[in-house]
There are 2 protein chains.
Amino acid sequence: MTTSRATAASRAPGAPGAPGAPEEGDLLRLEKQICFSLSAASRAFNGVYRVLLKDLGLTYPQYLVMLVLWEHGELPVKKVGERLRLDSGTLSPLLKRLEAAGLVRRERSARDERSVNVRPTEEGVALRERALQVPRHIVAATGFDLDELLDLRTRLDRLTTTLDAAALEQTPDCL
Amino acid sequence: MTTSRATAASRAPGAPGAPGAPEEGDLLRLEKQICFSLSAASRAFNGVYRVLLKDLGLTYPQYLVMLVLWEHGELPVKKVGERLRLDSGTLSPLLKRLEAAGLVRRERSARDERSVNVRPTEEGVALRERALQVPRHIVAATGFDLDELLDLRTRLDRLTTTLDAAALEQTPDCL
DNA sequence: CGGCATTTAGTTGTGCACAATTGAATTGTG
DNA sequence: CACAATTCAATTGTGCACAACTAAATGCCG
């Protein structure tokens, strides 16, 4: 079974006009680079946020939730989850921690007792002032200029859309 | 205090005093898009891998570890962690699960009893054959052609390097 | 040789992501 | 009104990321 030999290393990974498909061993290596680069970048971003947000007492996902609440004031948990693509299994404990920190309040909706509305407390709103400093530091830390960042964002969003669509179709038999 | 107008008090020292500088509220929104796009893309990638790797009985981080082991055969835990930027707190339980699944073996190095060498079992090596199918599906799922992916990888790697450097300098007082 | 810093895995604790399930509230239908 | 299907948050369980700490082995020093 070790016969997976790369009989010929006809590698031309980056070459635009290369007609020859990369050999299998190269594929595994190449692909590792791509997927790994993304998760590494994601974790590196997380590390910078961790440092910046420590003073605010927020983790990065908590910061994302606060961004949504600063923008919208009050929302049901469901809506927060839709915006951030997070489900209740992630949000419920996260929101409890934010509530314990005094930054948000959760209360059952009067008109629909299944729904829980979340809104920032005064303290949570006040925190926004300090959070305003964060983006500047983040942008600076990337070493990218705004145009590059916006271009990157556009590509990533396109990637996400396509990947999400693929994940849905992709049922078992594809392997 | 909802009138948190940008009193210009915190006018950026580091930012160029661009005449059309984004207003602060915009900054928070814009920046949310950038950071969120990255984590969303990362999670979307994860979702596709989750589907593809389910048949192999691997999670995505486990897959990364197997990629390293397929390439190098046998390595101390330390080296695996260096390649993947993962520490022992992540790798130790992960490797135990891989060992429980019969895919790797861990054994203390004879020459240095502190070190633990990890190598794929025959079953682990055999799994590589099936894993060879994964990259094709991943690349297809992105909807990007190879050049675009390689370009994206280059940008992300540059981003990661810069961010990591920034995280090191960035001690508390920056906020 | 004894003592001590360094290296290396492992453990513990916190927090997030996600799948699966539960249970209550609501809505739709007869 | 009764009853089934749906919606929503919460809970449970697994796995990963990371910080902080432990413990053992090694190597260096005088």
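Proteins get letters first, then strands, A, B, ... in listed order; numbering begins at 1 in each. Please read all numbers here as calculations on a predicted model, not as lab measurements.
Spacing between atom NZ of B/Lys54 and atom P of D/dT14 amounts to 16 Å, rounded to whole angstrom units. For the pair B/Glu82 CD and C/dT7 P, the interatomic distance rounds to 12 Å; values are reported in whole Å. Atom CG in B/Leu58 sits about 12 Å away from atom P in D/dG15, given to the nearest Å. Rounded to whole Å, the distance from CG on A/Leu95 to P on C/dA17 is 12 Å. As a whole-Å value, the separation of B/Asp112 CG from C/dA9 P is 8 Å. Atoms CG (A/Leu86) and C1' (D/dA10) sit 16 Å apart, rounded to a whole Å. Look at CZ on A/Arg106: it is 9 Å from C1' on D/dA9, rounded to the nearest Å. Across the protein-nucleic acid pair, A/Lys79 atom NZ and D/dC8 atom C1' stand 12 Å apart, rounded to whole Å.
Distance from the side chain of A/Arg108 is smallest to D/dA9 among D/dA9, C/dT8, D/dT6. Distances were taken from every side-chain heavy atom of A/Glu113 (C-beta onward) to each of C/dA25, D/dC18, D/dA10; the shortest belongs to C/dA25. Which of D/dA9, D/dG15, C/dC18 sits closest to the side chain of A/Val77 comes down to D/dA9. Listed candidates were C/dG15, D/dT7, D/dA10. Nearest to the side chain of A/Ser92 is D/dA10. Of the candidates D/dA9, D/dA19, C/dA17, C/dA17 carries the atom nearest the A/Thr90 side chain, counting heavy atoms from C-beta on. Between D/dA10, D/dC18, D/dA24, one nucleotide has an atom nearer to the side chain of A/Lys96 than all others, and that is D/dA10. When distances are taken from the side chain of A/Gln62 to each of D/dA10, C/dG15, C/dA24, the shortest belongs to C/dG15. If you check D/dC18, C/dA25, D/dT26 against the side chain of A/Arg43, the one that comes closest is D/dC18.
The line from OG of A/Ser39 to CZ of B/Phe45 is 9.5 Å long, rounded to the nearest 0.5 Å. Put simply, CZ on A/Arg158 and CG on A/Leu163 are 11.0 Å apart, with the number rounded to the nearest 0.5 Å. In this structure, A/Leu67 CG and A/Arg83 CZ are separated by 11.5 Å, a value rounded to the nearest 0.5 Å.
The existence of a salt bridge linking A/Arg85 and A/Asp164 is confirmed by a sub-4.0 Å separation between a basic side-chain nitrogen and an acidic carboxylate oxygen. Salt-bridge check for A/Asp151 with B/Arg155: passed, with a basic side-chain N closer than 4.0 Å to an acidic carboxylate O.
A residue-by-residue look at B/Gly89 and A/Asp87 shows that B/Gly89 has its nearest nucleotide of DNA chain C further toward the 5' end.
Base pairing analysis places D/dA23 opposite C/dT8; the two distances defining the Watson-Crick or G-U wobble pair are each below 3.5 Å.
If you check the side chains of A/Gln133 and A/Arg136, you find a donor sitting under 3.5 Å from an acceptor.
Among the heavy atoms of the strands lying under 4.0 Å from B/Pro76 are primed sugar atoms or P, OP1, OP2 only; no base atom is included. Nucleic acid contact for B/Leu91: none, since no nucleic acid atom lies under 4.0 Å from a heavy atom of the residue. Using a 4.0 Å heavy-atom cutoff across all strands shown, B/Ser115 reaches sugar-phosphate atoms only and no base atom.
With hydrogens and angles ignored, a donor-acceptor pair closer than 3.5 Å exists between the side chain of B/Ser88 and the base of C/dG10.
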